[in-house]
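Some notes on the structure that comes next.
Since this is a predicted model, take the numbers as computed values, not measurements.
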Amino acid sequence: MKEPKFDKIKIALAISSGLLLTGSFPNVNFSWLAWFAFVPLLISLRDLSFKKSFFLGFLTGLIHYLTLIYWLIYTMRTYGHLPWYLCVVVLILFAAYLALYFAVFSAAASRLFSKPSVLLLMIPVFWVGLEYIRSFFLSGFPWELIGYSQFSALHILQISDIFGVYGVSFLVALSNATIFIAFLYLTGLNWQGVKITKNLALFSVSVFAFIFIIAWSYGALRIKSIDGLVTKSPSTRVAVVQGNIKQSEKWDKTFQLATIKKYIDLSHQAKKQKAELVVWPETAAPFYFLKDTPLSEMIIKGIADIPADFIIGSPCYERKNKRIEYYNSAYLISSAGSVYGRYDKAHLVPFGEYIPLKRWLPFLGKIVEHVGDFRPGKKGNTLQWNNHKLGFLICYEIIFSDLSRAMAKNQAALLVNITNDAWYGRTSAPYQHFSIAVFRAVENRRALVRSANTGISGFIDPVGRVVDSTDLFQDAVRTHTVPLINETSFYTRFGDLFAICCLAVMVLVILADFVRRKRK
């Protein structure tokens, strides 16, 4: 059989898949696009070779990530002070790396899914397996996995307390596989030279419909049961403070006093709202809290008459073995200045908080301003507060599900996310970042409070409802009553077991194909 030409139509189909996927995420927010976004790519792969399929998948991924994380250019240009051309080059290189996952998926589809009967299972299994690899390989960057596109689909995302976000990714990928199979049958087109039978098309639609109905029904039941649990659980009043400090001023010493005064003044609003816990964002104290005595005393005196405890983000350092170690930290203190504990960020940002391979690539330290040689803290560390424990997630730690899971497993009754998204300006990044947080609440059945320097700050309940959220770049104080829950979900107990199973199946299929070809 002669392989079809690598024509413009196939390239257009691959590009359209990348754009459809991006459209399913914030800030476009057409989440329904994700349910069929892969279909044009899959159509373009019909009867193509391994290499050409790899290229088309790479093209889809490249278009998707260039349009999804375009905001990296803004961040690198504005705060890294890199020239435009270099910002574009870095974005393209990073998008190209992420696009390799699409390329591998597409190449696998052309070689390993040659029988139409395996399409329905293998498409979602391989996709989830590759997403799972992306979550940890090279430090990991599980930003906007396709499951995250459904953050507002309340009934669907409830399966996350069993399967994590990967369960939702599987369901979305299964939808794409089903629509693709049905399309091939209805149009009479072949897949790798084989026609789709009516029975296979009906079976695929039936299986997807059955699984979707089960997921939706489970969601309805869990929403009802968790809402009931919330009414029976103890609760507390929490305030999030959004200081709205410009990134260009944040580390300027001439603005330190004004920054501290602003947070103190805003915190007095929380006093009127009878908050028991007041949360300031990441590095809200732009100095070494408790080390810089005058500025630390200014904060402690300023909040002394507020009958609440405080979470304050601040950098920290300690002297160990005749050297200084730096941490990105969150302090839990009383208004009297007593320190209950400190959480140190466990998963650091490459090139932002540490330089990978700095010993061999020392010049990279000059790319981003304010790069610090931070040390990671202990994963899953929680802090005791009254009769409960609190779990802390600083900045993009929220995108790593294993961190919040470790805290919930360590009996954290409430998850607190503090961040500084001023780096992203008014791009889509703050909205994307906030959408990911919804899943951390559902996976572990914990309320999540989020305090962001310039937004988005807000409250997410244990079933994933966004109870309240702020706008970007506004001074804000929001106070809500949140439940303190200690129930352990299946996901909290067993973690990414489902994703690991998908990865295991993927590896076995690849090995079986390798052995088969070796024998031939």
Side-chain angles (χ1 to χ4, degrees), residues 1-25 28 30-70 88 91-114 116 118-120 122-131 133-134 141 143-149 169 172-184 186-187 189-194 196 506:
M1 182 180 67
K2 187 178 180 181
E3 184 180 355
K5 290 183 178 179
F6 203 49
D7 55 26
K8 294 179 180 178
I9 294 178
K10 289 184 177 291
I11 291 174
L13 286 169
I15 290 173
S16 65
S17 270
L19 295 175
L20 287 170
L21 278 170
T22 298
S24 67
F25 292 103
V28 180
F30 293 151
S31 60
W32 48 272
L33 293 175
W35 296 87
F36 59 86
F38 284 107
V39 174
L41 170 64
L42 293 169
I43 293 172
S44 74
L45 300 179
R46 287 192 323 109
D47 303 325
L48 284 187
S49 66
F50 180 88
K51 289 182 179 179
K52 289 182 178 179
S53 297
F54 184 94
F55 174 80
L56 284 180
F58 181 81
L59 180 61
T60 295
L62 187 65
I63 295 299
H64 172 50
Y65 288 111
L66 287 176
T67 52
L68 182 76
I69 57 173
Y70 69 93
V88 172
L91 173 63
I92 291 173
L93 289 174
F94 190 44
Y97 158 67
L98 295 172
L100 289 174
Y101 292 93
F102 279 78
V104 171
F105 170 79
S106 299
S110 71
R111 172 172 290 183
L112 304 177
F113 312 165
S114 57
V118 304
L119 283 173
L120 186 67
M122 289 297 102
I123 286 175
V125 163
F126 267 67
W127 185 257
V128 169
L130 288 167
E131 280 195 339
I133 292 173
R134 180 153 69 92
F141 189 70
W143 185 275
E144 295 296 45
L145 309 177
I146 59 169
Y148 287 128
S149 66
S169 287
V172 173
L174 186 67
S175 168
N176 280 270
T178 302
I179 294 172
F180 177 56
I181 292 169
F183 172 82
L184 291 179
L186 293 173
T187 58
L189 295 174
N190 296 334
W191 171 253
Q192 310 301 53
V194 182
I196 302 296
M506 185 182 81

### Message
Any non-hydrogen side-chain atom of I123 less than 4.5 Å from a side-chain atom of L42?
### Response
yes
For I43 and K10 the tightest heavy-atom approach is O-NZ, 4.1 Å
Ring pair (Phe, Tyr, Trp, His ring centres under 6.0 Å) filter on W127, not counting sequence neighbours, yields F38, F102, F105
Of all heavy-atom pairs linking L45 and A109, the shortest is CD1-CB, 4.2 Å
* Asked: Is the closest side-chain heavy-atom distance between L33 and L21 below 4.5 Å?
  -> no
Side-chain contact test, heavy atoms from C-beta onward, threshold under 4.5 Å: evaluate it for L130 versus M506 and give yes or no.
yes
For F36, the ring pair (Phe, Tyr, Trp, His ring centres under 6.0 Å) test, sequence neighbours excluded, returns none
* Asked: Counting heavy atoms not belonging to L189, are there more than 12 under 6.0 Å from its CG?
  -> yes
Separation between CD1 (I146) and CG (N176), nearest 0.5 Å, reads 6.5 Å
Residues passing the ring pair (Phe, Tyr, Trp, His ring centres under 6.0 Å) test with Y70, sequence neighbours excluded, are none
Separation between CD1 (I11) and CZ (F55), nearest 0.5 Å, reads 5.5 Å
Here the side-chain hydrogen bond (donor to acceptor under 3.5 Å, both in side chains) pairs for residues 104-113, sequence neighbours left out, are S53-S110
Is the shortest side-chain heavy-atom distance between M122 and L112 below 4.5 Å? no
Residues at least two apart in sequence or cross-chain that pass ring pair (Phe, Tyr, Trp, His ring centres under 6.0 Å) with F94, listed by chain then number, are F141
In the structure I gave you, are the side-chain heavy atoms of L100 and F54 within less than 4.5 Å of one another anywhere? yes
Those residues at least two apart in sequence (or on a different chain) that pass side-chain contact (heavy atoms from CB on, under 4.5 Å) with A96 are F58, L62
| said: With a 4.5 Å cut-off on side-chain heavy atoms, are L98 and H64 touching? | reply: no
